[in-house]
Every structure is written in structure tokens, then in C-alpha cells.
Amino acid sequence: MNKYIPSQIEPKWQEKWKENGVYLTDLSETKNKYYVLVELPYTSGDLHMGHWFTFTMGDILARFRVRLGFNVLFPNGFDAFGLPAENAAIKKGIHPRDWTYKNMERMRGQFETLGTSIDWTKTMVACDPKYYKWNQWIFLKMLERDLAYRGKLMSNWCPSCQTVLANENVENGKCWRCGSEVEQKEVDQWLFRITSYADRLLWSDPPQADWPKSLREGQNDWIGKSEGMEIEFSVAQDTSKLKVYTVFPETIFGVTYMVLAPEHSLVKKLVVKDREKEVEEYIRISQKKSELERKAEGREKTGVFTGAYCINSVNGKKVPIWIADYVLAGYGTGAVMGVPGSDHRDFEFARKYGLEIIRVIGKSAGDQSKVLLMDDVLEEGILVNSEQFSGLKTPEEAREKIKDWLEEKGWGKSQVQYHLHDWSISRQRYWGTPIPIIYCDPPAGGCGIVPVPEKDLPVELPYEVDYAPKGKPPLATAEDWVNTECPKCGGPAKREVETMDTFVDSAWYFFRYLDPENDAKIFDKKIAKVWMPLDIYIGGPEHTLGHALYSRFFTMVFKDLGLVSFDEYAKKRIHHGTILGPDGSRMSKSRGNVVNPDTEVKNYGADAIRLYLMFLGPFDIVTSWNPDGVNGVYHFLQRIWGLQEKLKVKSEKLKVEDLRIMHKTIKKVTEDIEQIKFNTAIAALMEWLNHLSRKDGIEAEEYKVFLLLLAPFAPHITEELWQVLKSSVVSRQSSDKKSLIADSEATPKAGEAILKTDSWSIHQQSWPKSDSKFLEEEEVSIVVQVNGKVRDILVIQKDVIRDKEVVEMKALESKKAQKFLVGKSVKKVVYVQGKIINFVVSS
RNA sequence: GCCGAGGUGGCGGAAUGGUAUACGCGAUAGUCUCAAAAACUAUUAGUCGCAAGGCUGUGAGGGUUCGACUCCCUCCCUCGGCACCA
């Protein structure tokens, strides 16, 4: 027999599958659809082990569903816009587009070697105008509905490059490109009003879709809905009002000071003359601090007194107004009331600056103990020193009562706050979707901000651009492109030179797979109605607060645009794990611990790598690549290859025990794939192989079913062996009417695998069915325990297990059990039918 | 600090209230071989014992139960995410 040499069979079948369109999906089918999706790869240049891991999972699920008779869609595309392409361009002098397309071609080839059942006729490439035209269309729709707007946002700002920097581009508070000190500055940018969807984006319990708990809770925390109160205080020196937000209105009698964020609009107005210098200095220093710097400082609070006071309406108390950068301008009103007796953070601040501390929540009614230490601070308990509200339990009784009272008096009103901010989509970068906006400015009168009319889409990204960093968006250098006519008045105007965040590209791509060539519409609603939502979406946990939130937002917007009828685009999402390098750390070139799939495929073949990755552990495992581990599954494949020799020429009826293990394995593999437990499905096949190897010869039926079950995991070797079997059958049929396959067809047994002439591939055969009548055993093992410890195992005829007395009698006959029963009195006997009998004894 | 997921042999892991360590890797011994590799066979949680067999054992400690890796409480550790949100 010939040897198992993967390189001789894998490319051959990959080619045949493609030629015969084995994996093409007919989207006009309206029944039994199953849409599998894996997060699209970024065009980084090479497929890495992580891609193999996740796409093998998707592939197994896709192949399995096809075999069950579903119409399966398993597409893929490329996330092709973004910073790395631009950086590579600057570094290597290649145009971002050329770099991207070159990488894409390479990765497409690598996907072939993996042997996936991806239908490449349904695809998208983010940097293709055919695709990003629809990003622009969505932008215009958002604009129409006031969901896109030009607004200000605090950002990292490099004064010398004149650009906004992402957090990761700020190094020690300095610009990564020029080294200038980065400032915090309000910068004009385009924003998507995701906050108006905050409530809809919240996950309920039970959840509206089967998504991971960590994602649901993470998103809910990120959205950060809180229901509190906005309370107004009068400034003592003039007529202005100071508004604060709090979720603890019941502590209002404990307010001893106020704190404003350095950026608060009232700061300039409030600060008294002789403190101006100190305050200005404080603000100057805090504004220079980047996010990272603030974090690096830890929780040590700093602040400065303005010299101003305001009045607490509830008791007429005059309290000092401070400024501190632990108060965030972007949350609530940008001002907080200081209640050091009931808030740990306020306590810390008050103690540092010697501010008054009053107890308003005590352990018991009338508790007048001093708040001297952090541990004395109470957030819940009984209200004290709170006039008519003293003695009420908080939060249960007091909060609502004080809330109502404050509202009645007109001092405060209920307010819902979110932590979620609107989504800034502006990037001062070249390699992204141009924002379809034209600025028509004076002197010619000027129409202001004018959206590009839909008929003029796409606004194509110009190729000839100086994308080297010059301190302004690269698109500004393409003067021919920038200078245009105003669509409204026809006068001279300039294009928007910012591009969109690449998260826009990935927020809706799975809709486009359904209708990738459509030039008139974003996608056909009718097709989407049939094929969406996704049945399963495999992705990384790192996208919890980015992609996975934005894509939900887009889907909800699509619903409001009448494109779809659902809020959630994926019925189920799972978070895959990570394959670390052999040294246990993340694979990276700098560490030199990268395991290259191409090399591994050369050594072992794609089937072995697929199988190894799936056998490692559960789908969400984070574990390191073990170079020896591949040997194990490679060995498994070689043993399967060797089964050909053991195949009996003349088929006989399967024995009871052979039938039992076959049906047991069918059941186990089927259930495990459904539950995405590939490791144990493979283990079950290994166990069956061990059984088959022990036999003298194997029957065609069990051989066939084995291949049929293994096919989703190892598509190449199973196709090869299937075709070899088929051709041997055909040659047999011509000479001698009886054949291996014909036998089992005449009397359809387990597996029901029938070779159809129009479905030549093993991957088109129907999935074997398990028959429970073969699973029943004549004899059952029953564990005999004494006081919960296993003492013996009883083998009993199946028809007896219902009778507790008989089982008990037999168990008492056990010599091993008897040793532990002599001289003891049996207090109780617990019998679990067919499983265990436990004697509870005392000495 | 908060939220989420975990902690089981030398290693990856299996078992979701009923025989802990399936399956695989590695290791040890043997068969084959001039030899090695490959393949095949056997053993492989710790411990006491010649053996039969016993005892201990799923991060630590407690609890519930006839019975706990599994459920509950307290604590420790690891991983992922968020983090001065008033």
C-alpha cells in the first residue's frame, strides 16, 4: 500500500472542490439556511495560527450543517483599510493599496491550503470602492437622521503635527512621531450618535441573543447606565447656578464642598482674583496630562480651591468650590458634590485638603460617631444628621423620599446618565473611507457643510497622495481631489480630508456578503430577510467593546432605516481562544516564537494541523503550541490511512459490539459538534479507531461511517479514502454485481450513506444517523459503595436493574463489599437505578 | 478596586451530583532491527505493601449531601476586560 503523504493529496482535492463548485451557496434558496461567520481577517500579510484555529472551527460547523441538509453560507472577506498599511507604506515606500492587495492575494492562497469550505464568490474587501461606497451611503443616512454630526471631543492632540492621536500613539505623554508633548484638547470631529441607542444596546436578562456573558456584562458596564439626579446649587457670589450629578441624593445633607473638572465652563467665572494664578497653573498642568499619564499617577488626588462658595439649598450651608482633575468633564455635569462622610473618594480628598467631614449615614439611628478613617465611611445604613429624613434606611427608604422631596422643591430632577460616548469616526489618515462631505465656504457666500449627493457616490480615494506625515491629513495634499464644486451652489469648495475609522468597515460587512455585487443598493432586503441573522459568529473577546458593539448599533440603525426587521444580527456568538507560542507567550516576531502554519503544513499536511488545533482543548482555550502534539494527530491520520489494508473484500454483518461502538460514536460526534466540543468528538473517533485497529478485518460499513464522521475535521484524507473506496466499488460492480457499497445500500443500515452520482464528494454525503436500539447493552455495571466509597463493581443483567431488592442482594454478596460491612449495621441503602448502590453504615 | 472566566497527573485536557484522570503528548520497558528511526505491545496520580489490597488525592479551609472536580460560604492564585463614572 502507498504511504500517507498529505502533500500528494491535499492540493489535488482543493483544486477539484474548486473546479466542481462543491462549496458554492445558492442564496436564492429560502429554506433551511445556516449562516456561519468568522471575524474577517486584517490584510496583515500572512495567515497566522490564530486564523487557522478560528477558520477551522467555522469550517467544521459549515461542513457539518451541509451534511445535515442545510443550505450553508460560509463566506469571508478582508478588513483591508487601516493604519498598518499606511505605516508599511511610509516605512517601505510601497503604496498602501499595493501592499494591501499583495497581502490579500497571498492570504487567499493560504486559505486554500487550509482546505476551508469558504464560498469565495460572496466576499468583500473593505478598501474596494464597491464596498466603501456603502460606508459613505450609511454616513449620509446617519446624517439625514441626525445620527452623524460634527462635534467636539476631548482628544490627544499633537500641537506640532496638528493631528489627533490615538491612545496607543502617545508614548510617555509625547507624540510617537515628533516627540512633542501631547495635549488634551477639544477637537472638531465627525461623530456617530451611538448614545441615542444606549438603552437599546443594553443586554437584558435573559439575553435577547445567545452571546457570551462576559461580552454582555462588559458591554452593559461600558454603556454604564446610571439613574440619579441632577441637583442645582446657587453660587454665593453671583447669580449663576452650579449643577451636579449624583446617584446618592440621600446624602445631600452631608455635602461639605463642590468639585469642578478643570475644563468646566464656570471655572473662569467663579475663581476669585487672588487665586487666579494658582488655579490657572493647576489647569495648565492637568490639561497637559494624557490619559496614560493620569493613569500612571494612580489614584492620588490633587485639587485647588477657587475661593468661591455655593449654597446647599436643603440647609442653607455655604460650601467651598474646588477644582480637581479626578472629576471628568465628559461625565454628568462635569461637577460633583463632595460628601466625604459617605464616599471613599471624597473622604480621601477632604482629608488631604482639610475639608469638613460630616456623617450622614450611620450604622444605626442617631449614630454620631466621627468619620476619621477610610473604614468609617458608610455608603449604606441609616440616615443621620439629615433633618426630617434622619432614621430612614438607605438606599431602600431614604433615596426615593429625598428624590421626591428635591424634585418637589425644584432643587433637583431625575436624570439618567451613560458612560458610553458618541463614536468618533474621524481619522486624519489616508488609508480609509473618505467621508462624503464638501465644505463650501466664503468668500462666495458659502453653503457650509454639504453632504455629497447619493448619486455621486462613491467618493473615491485618490491614489496619488503624499501620505508621509506632514502634520496634516494626507488627503489634504491631493489638491486636485480636494478642490471641487459645491453640489448645492456650484461654487468652489473643498472636500473633507478626514477618513473613517475602520470599525465602520467591519460594523456591517456580513450583510454585504449576501449581495456583494449590488451597485444600486447596500444589499437586497429580500435576501437578508432569508439569510440573516447569522446563526453563529465566531470572534475574539477583544472586540467586546469595539466591533461587537458597533455592529449591533449599525444593525439597529439598519432596522430603523427599514432594511431589516431585527435588532440583533447574530443568534449566537462565541469567543474563541488563543494559540500561544511554544514558550507560553503570545506569538510575535520580536519574541521569535511564531509557529508558521505554512511550515507546519509542509511537514504534516493541513488535515493534521486542523485536527491538532481542534484536539488541543475546548474552542475557547488559551494554550501554547506543543511541537510534539502534532505528531499525535499525524499518527492518528496514518493509522486511518492504514485501515484500507484491513478492509474486508467480502462484507459480513457487523457484530453487536461493533454496532454499539459505531452508533455510540455517531451519537457522540454529532452531539459534540452541535455543542462545539470538537476535542471530545475527535477523542471519540480515536477510541473507535483503537477498537477498529484491534479487529482482524473491518467491514465496509464501519469504514465508511468512520470517514463520514471524520470528514468535517480532516477534509482531504477523508475525500481521498472515500474516492479510493468508490472507485474500487465501481470496478467491482462492473465485474461482479455484488459490491461493498451495494450491499449496504440494499439493506440500509446505520449511516445511511449512499453514494449519489450528482454528489461525488464525501463532503456532500448525508450525515450518519445513530440508532438508539444499538446502544442498549445486555449487561450493566453497577458501582457498589459503602459510605460513598467505591468497593466493587457489579455486572448485572439489564432486565434486573429495575428491582432494587435483587440488586441489593447481589451487592451484599460481593466479597469486596462485605469486608467493609461486617460488624456494622446498615442504616440506609441508596440505589440509583443502573448506576450505583450505596450502603450507609455505622460501626 | 470592579466585572467576567478559570485552578484536575510530568504536559494539553476529560468528567456539570454517582467508578476522577477519557483521548492525546511525553516517559519507561519490551518486540522487530547489525543499529537507529518508524511501527507494534505493555506500564504510567501519589503513597504503603512481596502480593491481595489499603490509604491519600481535582488551589486552601469550611459547609450541604448517602455520595462533591461538580452545589453553597470564606480565602489564595492565574488569565481576560474595565478602571477616579460622582
Side-chain angles (χ1 to χ4, degrees), chain A residues 212-222 224-226 228-229 231 244-248 251 259 261 291 294-295 297-301 324-328 330-339 342-346 348-349 417-420 540-545 575 577-578 611-612 615-618 620-633 635-636 638-639 642 677 679-690 693 781-794 816 819-820 826-841:
Chain A
K213 191 177 179 186
S214 61
L215 177 144
R216 289 187 272 117
E217 309 222 329
Q219 290 193 344
N220 279 2
D221 286 352
W222 185 248
K225 183 177 184 174
S226 84
M229 241 189 153
I231 301 175
V244 300
Y245 176 75
T246 180
V247 290
F248 302 103
T251 63
V259 195
E291 283 288 315
R294 286 202 197 187
K295 273 179 204 167
E297 280 173 3
R299 286 159 177 265
E300 177 67 20
K301 284 157 191 57
D325 63 8
Y326 78 84
V327 175
L328 308 172
Y331 186 76
T333 59
V336 300
M337 56 189 212
V339 189
S342 297
D343 183 286
H344 292 95
R345 195 187 36 216
D346 292 350
E348 197 189 327
F349 189 77
Q417 279 294 333
Y418 297 94
H419 166 228
L420 185 72
E542 69 275 17
H543 291 122
T544 295
L545 305 180
H575 284 166
T578 315
L611 222 38
Y612 169 69
F615 186 59
L616 261 180
D620 56 356
I621 194 177
V622 176
T623 196
S624 46
W625 177 273
N626 174 7
D628 292 326
V630 192
N631 281 325
V633 286
H635 184 206
F636 170 63
Q638 277 179 320
R639 288 172 66 202
K677 287 161 72 177
N679 55 331
T680 49
I682 294 165
L685 287 165
M686 286 174 169
E687 282 183 74
W688 190 16
L689 178 67
N690 290 342
S693 305
S781 301
I782 291 175
V783 172
V784 182
Q785 293 183 339
V786 178
N787 280 351
K789 289 200 176 183
V790 179
R791 297 304 175 187
D792 200 0
I793 292 161
L794 228 53
K816 289 178 184 170
K819 269 174 56 181
F820 296 89
V826 175
K827 280 164 63 181
K828 192 175 171 185
V829 181
V830 180
Y831 176 55
V832 182
Q833 202 182 90
K835 277 188 177 162
I836 204 158
I837 184 156
N838 187 14
F839 295 97
V840 185
V841 300

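Each chain gets a letter, A, B and so on, in the order the sequences are listed, and its residues count up from 1. In this text, all values refer to a predicted model and were calculated from it rather than measured experimentally.
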Of the nucleotides [options], which has the atom closest to the [X] side chain?
{"X": "A:Lys828", "options": "B:G53, B:C66, B:G12", "result": "B:C66"}
{"X": "A:Ile793", "options": "B:U19, B:U56, B:C85", "result": "B:U19"}
{"X": "A:Val247", "options": "B:C23, B:G4, B:A86", "result": "B:A86"}
{"X": "A:Arg345", "options": "B:U56, B:C84, B:A15", "result": "B:C84"}
{"X": "A:Gln638", "options": "B:A5, B:A39, B:G54", "result": "B:A39"}
{"X": "A:Leu328", "options": "B:C82, B:G18, B:A86", "result": "B:A86"}
{"X": "A:Ser226", "options": "B:A15, B:G12, B:A86", "result": "B:A86"}
{"X": "A:Lys819", "options": "B:G53, B:A86, B:C3", "result": "B:G53"}
{"X": "A:Thr680", "options": "B:A86, B:A15, B:G12", "result": "B:A15"}
{"X": "A:His635", "options": "B:C84, B:C23, B:C40", "result": "B:C40"}

Calculate the interatomic distance between [X] atom [atom1] and [N] atom [atom2]; express it in whole Å.
{"X": "A:Asn690", "N": "B:C40", "atom1": "CG", "atom2": "C1'", "result": "13 Å"}
{"X": "A:Arg791", "N": "B:G18", "atom1": "CZ", "atom2": "P", "result": "20 Å"}
{"X": "A:Ile621", "N": "B:G7", "atom1": "CD1", "atom2": "P", "result": "11 Å"}
{"X": "A:Glu348", "N": "B:A86", "atom1": "CD", "atom2": "C1'", "result": "14 Å"}
{"X": "A:Asp620", "N": "B:U78", "atom1": "CG", "atom2": "C1'", "result": "15 Å"}
{"X": "A:Leu689", "N": "B:A22", "atom1": "CG", "atom2": "P", "result": "18 Å"}
{"X": "A:Tyr326", "N": "B:C85", "atom1": "OH", "atom2": "P", "result": "10 Å"}
{"X": "A:His575", "N": "B:G6", "atom1": "NE2", "atom2": "P", "result": "14 Å"}

No-H, no-angle donor-acceptor pair, A:Asn838 side chain to B:C66 base, under 3.5 Å
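Side chain to base: pair present.
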Go through the N and O atoms of the side chain of A:Lys301 and the base of B:C84, and report whether any donor-acceptor pair is under 3.5 Å.
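Flag set: donor-acceptor pair detected.
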Nucleotide forming a Watson-Crick or wobble pair with [N], both distances under 3.5 Å:
{"N": "B:C79", "value": "B:G4"}
{"N": "B:U64", "value": "none"}
{"N": "B:C69", "value": "none"}
{"N": "B:C11", "value": "B:G24"}
{"N": "B:G49", "value": "none"}
{"N": "B:C32", "value": "none"}

Across the strands shown, which category fits A:Val783 at heavy-atom distances under 4.0 angstrom: base, sugar-phosphate, nothing?
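The residue A:Val783 makes base contact.
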Which part of the nucleic acid does A:Pro212 contact within heavy-atom distance under 4.0 Å: base, sugar-phosphate only, or nothing?
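Touches nothing.
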Does the side chain of A:Gln219 come within less than 4.5 Å of A:Thr544's, by heavy atoms?
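In short, these two side chains touch, coming nearer than 4.5 Å.
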Rounded distance [0.5 Å steps], CD in A:Gln417 versus NZ in A:Lys225
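A:Gln417 atom CD to A:Lys225 atom NZ measures 12.0 Å (nearest 0.5 Å).
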Test A:Ile682 against A:Tyr612 for side chain to side chain contact (heavy atoms under 4.5 Å, CB included), laying out the working first.
CA-CA 10 Å; A:Ile682 294 165; A:Tyr612 169 69; over 6 Å; no
If the glycosidic angle sits within 90 degrees of zero it is syn, else anti. Tell me which applies to B:G9.
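Judged by the O4'-C1' to base torsion, B:G9 sits in syn, the angle falling within 90° of 0.
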[atom1] spacing across the pair [N] / [M], given as an integer number of angstrom:
{"N": "B:U21", "M": "B:G9", "atom1": "P", "result": "14 Å"}
{"N": "B:G10", "M": "B:U44", "atom1": "C1'", "result": "10 Å"}
{"N": "B:G18", "M": "B:A52", "atom1": "P", "result": "30 Å"}

Residues A:Lys301, A:Val327; criterion side chain to side chain contact (heavy atoms under 4.5 Å, CB included); working and verdict
CA-CA 10 Å; A:Lys301 284 157 191 57; A:Val327 175; over 6 Å; no
Please step through side chain to side chain contact (heavy atoms under 4.5 Å, CB included) for the pair A:Phe636 and A:Leu685, ending with a clear verdict.
CA-CA 10 Å; A:Phe636 170 63; A:Leu685 287 165; 4.2 Å; yes
